[in-house]
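Below: the structure, in structure tokens.
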Amino acid sequence: MRNLKQRDCRFELIRVIACVFVLGVHTLWILTPDTGIKGVYIKIVDTLFILCNPIFFMLSGKFALRQGEFTDDSQYFRFYLKKFAYLILPMLVYMLFISAYNLKMETGSFSGLLYHFTIDFIAGHQASHLWFMYVLVGNVLMSPFTSRIFSSISRCGAIIFISILLLTNCLIAYSPYFFSTSFAAWVNPFVGWSLYFYMGACVDKIFTDKKSVNILKIVGVISFLIIILKKYEFSYLNHIHDYMPSFTLFSLMVYVLLTRMQFEFNEKSSLVIRFLGAQSFGIYLIHFPIVFALRDVFVIPTWCPEILFQYVYMIIVFIISLILSWLIGTFLLKPIQNDIEKLIAKIK
């Protein structure tokens, strides 16, 4: 309970919203294509739901890159033990469960699970919703060093830093359209999806006044309209929901507005939001197989609109994922994490 009370409700609510968006992305298959009003709705919510990825990356970057310079070597040991306990260990446990589930579905047995899990861990899970972890983990593990950049960076420096990455992503996104080859050969450690991680550390440096936020609102709305227009008029849609600057700027606007919203929380609502926020990582890790495991269980009734059925489906998946996340966290992960915390306390 002490750890829950330490969590900032504002950002925990944003985590929960992003978590719901993840479920929205992975249940869009429920909606059959349409050219009418429903088609417009699908295009809009497709863009809104996929905001879960940049939001999660920016939140991760905000908190991972705020630590500044470590003043003694013991801090490195404490940092990496904590990351093993609360990032690597849960990831490995859930990856093992998902590999076991996939193997059982494919072969009918768990024979060769260790080998299957090893292959999945190395690269296999990158083809699933867990691709996110392959980008996140490396950036988080390097944060004791990269955070030094952002502890002293000026507003101008932050703008230049993000602008260079934004331009690089733009070139990667559009070069195949104009030249039939990719600019991706010219990379640096901060581009691609990593841009959003480091953007999370720069947001508070850049948007310091009402004027800058208002400019971002205008740019963000225009970017959103550009995205929707592209879906109707532009045949080239590669990277429309990741590297294209229209999506990046729209994502940035939504994230900044969410972080600046004033929420009123009473004691009970705070506890609920903090609890759900604490479970959001587990929900994200486990929800994907549940989404598809339920496809044969819940069939859309003929009388039920697809849009309504999607949200009911999302609620069911959320509840099941929440229960599993809590059970795994409480009875499997927590005892190990408590032992690691005791070890951390002894490090001097």
Side-chain angles (χ1 to χ4, degrees), residues 1-27 49 51-64 66 81-95 97-98 129-130 132-133 136-137 140 200 254-255 257-291 293-294 311-342 344:
M1 195 64 68
R2 178 180 59 85
N3 291 333
L4 285 182
K5 289 182 178 180
Q6 291 176 345
R7 293 175 174 266
D8 189 323
C9 264
R10 293 178 302 144
F11 295 104
E12 294 309 299
L13 180 58
I14 296 173
R15 289 185 202 278
V16 175
I17 292 171
C19 195
V20 172
F21 282 3
V22 170
L23 301 183
V25 171
H26 294 144
T27 54
F49 285 153
L51 288 173
C52 60
N53 294 323
I55 288 174
F56 272 136
F57 272 123
M58 283 189 270
L59 279 176
S60 300
K62 173 184 175 61
F63 292 107
R66 67 180 180 176
L81 281 173
K82 276 189 173 292
K83 291 309 171 188
F84 175 79
Y86 297 103
L87 177 65
I88 305 299
L89 179 62
M91 180 189 70
L92 291 174
V93 168
Y94 282 99
M95 279 186 171
F97 285 156
I98 294 172
H129 69 296
L130 294 172
F132 184 93
M133 301 305 299
L136 178 67
V137 169
V140 170
V254 172
Y255 175 79
L257 293 182
L258 284 174
T259 58
R260 285 176 170 261
M261 287 181 66
Q262 299 297 318
F263 301 105
E264 294 291 336
F265 301 102
N266 57 37
E267 186 176 349
K268 290 183 178 179
S269 63
S270 297
L271 190 60
V272 171
I273 292 299
R274 288 186 177 114
F275 172 73
L276 293 177
Q279 300 302 323
S280 61
F281 186 39
I283 293 172
Y284 153 72
L285 289 171
I286 198 63
H287 81 278
F288 198 67
I290 296 171
V291 167
L294 296 179
Y311 287 104
V312 173
Y313 200 97
M314 287 168 60
I315 293 171
I316 294 171
V317 172
F318 184 88
I319 293 173
I320 295 174
S321 302
L322 174 63
I323 294 171
L324 289 176
S325 172
W326 181 80
L327 289 173
I328 293 171
T330 302
F331 297 104
L332 180 58
L333 294 175
K334 194 63 177 177
I336 302 174
Q337 290 167 341
N338 287 339
D339 288 338
I340 295 175
E341 287 285 359
K342 292 176 183 177
I344 292 172

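Aromatic ring centroids of Phe49 and His26 lie 6.0 Å or more apart.
Using a 4.5 Å cut-off on side-chain heavy atoms (C-beta onward), Thr27 and Tyr311 make no contact. Inter-residue side-chain proximity for Phe275 and Leu322 is flagged as met; some heavy-atom pair is nearer than 4.5 Å. With contacts defined as side-chain heavy-atom distances shorter than 4.5 Å, the pair Asn53/Val25 does not qualify. Residues Phe56 and Leu136 form no side-chain contact, since every pair of their non-hydrogen atoms from C-beta on lies 4.5 Å or further apart. Taking 4.5 Å as the limit, every side-chain heavy atom of Phe288 sits out of range of all side-chain heavy atoms of Ile98. Side chains of Leu130 and Tyr284 form a contact here, defined as non-hydrogen atoms less than 4.5 Å apart. His287 places none of its side-chain heavy atoms less than 4.5 Å from the side chain of Cys19. For the pair Phe281/Pro90, a side-chain contact is recorded, criterion being any heavy-atom separation below 4.5 Å from C-beta on.
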Report the C-alpha separation of Lys83 and Val137 in whole Å, then their side-chain angles, then the decisive distance to 0.1 Å, and conclude whether the side-chain contact (heavy atoms from CB on, under 4.5 Å) test is met.
-> CA-CA 9 Å; Lys83 291 309 171 188; Val137 169; over 6 Å; no

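Here the side chain of Tyr313 pairs a donor or acceptor atom with the backbone of Val291 at under 3.5 angstrom. Remark: the backbone N or O of Ser321 is not paired with any side-chain donor or acceptor of Ser325 at under 3.5 angstrom.
Atom CG of Leu327 is separated from atom CG of Leu333 by 11.5 Å, given to the nearest 0.5 angstrom. Here SG of Cys9 is found 12.0 Å from CZ of Arg15. Values are rounded to the nearest 0.5 Å. One distance of note links CD1 of Ile328 with CD1 of Ile323; it measures 12.0 Å at 0.5 Å rounding. Taking NZ of Lys82 as the start and CD1 of Ile340 as the end, the distance is 10.0 Å to the nearest 0.5 Å.
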